[in-house]
Amino acid sequence: MYDGSELTCYDKLRLTKRNFHDLCIMLRERCGLRDSVYVNVEEKVAMFLLVLGHGLKMRLLRGDYKRSLETISRNFSDVLTTILSLSLEFIKLPDPSVQPPDDYKWKWFDNALGALDGCHFDVCVAMADQGRYRNRKQQITTNMLGVVDWNMKFLYVLPGWEGSASDSRVLRDAMSRQDAFVVPNGKYYLVDAGYTNGPGFLAPFRSTRYHLKEWVSSQQQPTTPKELYNLRHSRARNVVERTFGLVKKKWAILRTQNFFGIRDQIRIIIACCILHNYSRDRQHQMDDLLLQEVDAELAAMPNEPIDDANLIRSVQVTPEWNAYRDQLADDMFAEYLVRLGEHELQ
């Protein structure tokens, strides 16, 4: 795989040759991963990436690599542990002074640090626990809070909650933990309409057209400040949906139930997020091929209904914050009308 073409290496290992080489060096020199008598670091990491990238069972690797099942399982565990040791380096909250990129999607959200949402991953649990892990779609999943920045990199992840847990419960837990998810004063994250609009969390207007596919299908332009605000909010917040889609598309083990215990399944989700961040700034061209598939799938997905019972209650609703959102929508619409008038004059 490594001696083949760049595309073959990426298709198999989900990393380019350079990224695979650098990852092995990092795990060896900084994390203490060592060659064993029969298996070197490169082979250990390759087997690990094949399991994550394609959901392969270790019995299949046993035939290709001519290693015992115990050896493959032990090496997988070793690589997983060493990658998780990099979590604080690759998944961390941003500097409050960071500014949004020079991108039209974020022009009106200059105090935003990114976006957040809940994401469900299929898991395999004991029959006695399936009731707790069954979500409202009757699937057995774990609910992960994912916070991402404009570059589709994870800033905070909290997997492990049962699929039946609402996004509100997961967020409350994230904000109360020792390693709490915190939002600096004056900053905020974009959230969908299932969250409360309050300090630190900027939500769209409810009962107003929001999803991008609604705008595309109707072929209509915004006619009110709320509609324009929701359209621009949706364009920017779409980064979190694309990030979730890319991670699942890239690491097949996240798309189906696997054969690991629930504790290891949670650790694997975190490891996939670490690897995503590791490679995000290094191989945009390769990831863009997968992103095209992700965007097509997102466009075909039906809109998710909002469950009023699951609104975030840990964020205090204040008149000041609602007034801030109203003023932002009015400013957007006033600038929009000016540009529209100038275009008609031309």
Side-chain angles (χ1 to χ4, degrees), residues 94 96-117 147-152 183-245 288 291-292 294-296 298-306 311-312 315 317-346:
S97 63
V98 68
Q99 295 296 318
D102 185 16
D103 187 330
Y104 76 95
K105 293 182 180 179
W106 296 91
K107 174 183 176 182
W108 289 95
F109 306 105
D110 53 352
N111 287 322
L113 294 174
L116 67 86
D117 203 355
V147 184
V148 306
D149 67 7
W150 323 284
N151 298 316
M152 300 178 63
V183 184
N185 290 330
K187 299 293 183 177
Y188 56 81
Y189 290 92
L190 302 185
V191 297
D192 65 19
Y195 293 81
T196 296
N197 185 67
F201 304 94
L202 190 63
F205 290 100
R206 298 175 64 83
S207 302
T208 302
R209 184 168 37 172
Y210 178 70
H211 295 281
L212 289 178
K213 59 177 71 68
E214 294 179 294
W215 292 99
V216 174
S217 61
S218 66
Q219 296 183 342
Q220 295 180 352
Q221 296 299 318
T223 58
T224 68
K226 289 184 177 181
E227 285 190 347
L228 179 63
Y229 168 89
N230 273 13
L231 172 60
R232 291 180 174 174
H233 186 285
S234 179
R235 283 174 176 169
R237 198 197 67 84
N238 191 48
V239 67
V240 69
E241 304 295 345
R242 299 181 79 216
T243 303
F244 291 157
D288 286 346
L291 271 176
Q292 294 177 9
V294 171
D295 291 338
L298 288 176
M301 289 177 59
N303 296 332
E304 289 283 337
I306 300 301
L311 293 181
I312 300 298
V315 181
V317 180
T318 64
E320 295 79 10
W321 194 254
N322 284 334
Y324 171 80
R325 182 177 63 173
D326 292 339
Q327 186 61 52
L328 181 58
D330 291 339
D331 292 343
M332 283 185 185
F333 197 66
E335 189 263 356
Y336 172 74
L337 291 179
V338 170
R339 288 195 298 108
L340 193 62
E342 292 175 349
H343 178 71
E344 291 178 352
L345 291 176
Q346 293 175 356

CH2/Trp108 to CG/Leu228 distance, rounded to the nearest 0.5 angstrom?
8.5 Å
Quick one: does Tyr189's side chain get under 4.5 Å of Val183's, heavy atoms only?
yes
Passes side-chain contact (heavy atoms from CB on, under 4.5 Å), Leu190 versus Phe201? Steps please.
CA-CA 6 Å; Leu190 302 185; Phe201 304 94; over 6 Å; no
Pair Arg206-Asn197, side-chain contact (heavy atoms from CB on, under 4.5 Å): steps then yes or no
CA-CA 10 Å; Arg206 298 175 64 83; Asn197 185 67; over 6 Å; no
Can you tell me how far CG of Leu291 sits from CG of Leu298, rounded to the nearest 0.5 angstrom?
9.5 Å
Could you go through Arg237 and Asp117, starting from their C-alpha distance and side-chain angles, then the distance that decides it, and tell me whether this counts as salt bridge (Lys or Arg N to Asp or Glu O under 4.0 Å)?
CA-CA 9 Å; Arg237 198 197 67 84; Asp117 203 355; 3.5 Å; yes
Please tell me if the side chains of Gln327 and Met332 come closer than 4.5 Å, counting only heavy atoms from C-beta onward.
no
Less than 4.5 Å apart, side chain to side chain, heavy atoms only: is that true for Gln221 and Tyr336?
yes
Enclosure of Asp103 CG (heavy-atom neighbours >12, cutoff 6.0 Å)
yes
For residues Pro204 and His233, report the shortest heavy-atom separation together with the two atoms involved.
CD-CE1, 3.7 Å
Below 4.0 angstrom, N of the basic side chain to O of the carboxylate: do Glu227 and Arg232 qualify?
no
Quick one: are Pro184 and Leu113 in side-chain contact, heavy atoms under 4.5 Å?
yes
Is there a side-chain contact between Leu328 and Arg325 in this structure, where contact means two heavy atoms from C-beta onward sitting under 4.5 Å apart?
no
Between CG on residue Asp330 and OG1 on residue Thr224, distance to nearest 0.5 Å
10.0 Å
pair Tyr324-Asn111: side-chain heavy atoms closer than 4.5 Å:
yes
Sub-4.5 Å side-chain heavy-atom contact between Val98 and Trp150
yes
Would you indicate whether the side-chain heavy atoms of Val239 and Val148 approach each other to under 4.5 Å?
yes
Heavy-atom closest pair, residues Pro100 and Ala112:
CG-O, 3.9 Å
Within the supplied structure, the quantity of interest is the number of heavy atoms (other residues, nucleotides, ligands) at a distance under 6.0 Å from Asp110 CG; does it exceed 12?
yes
Working to the nearest 0.5 angstrom, can you tell me the gap between Lys187 NZ and Leu202 CG?
13.0 Å
Between Tyr229 and Phe205, is the ring centroid distance below 6.0 Å?
yes
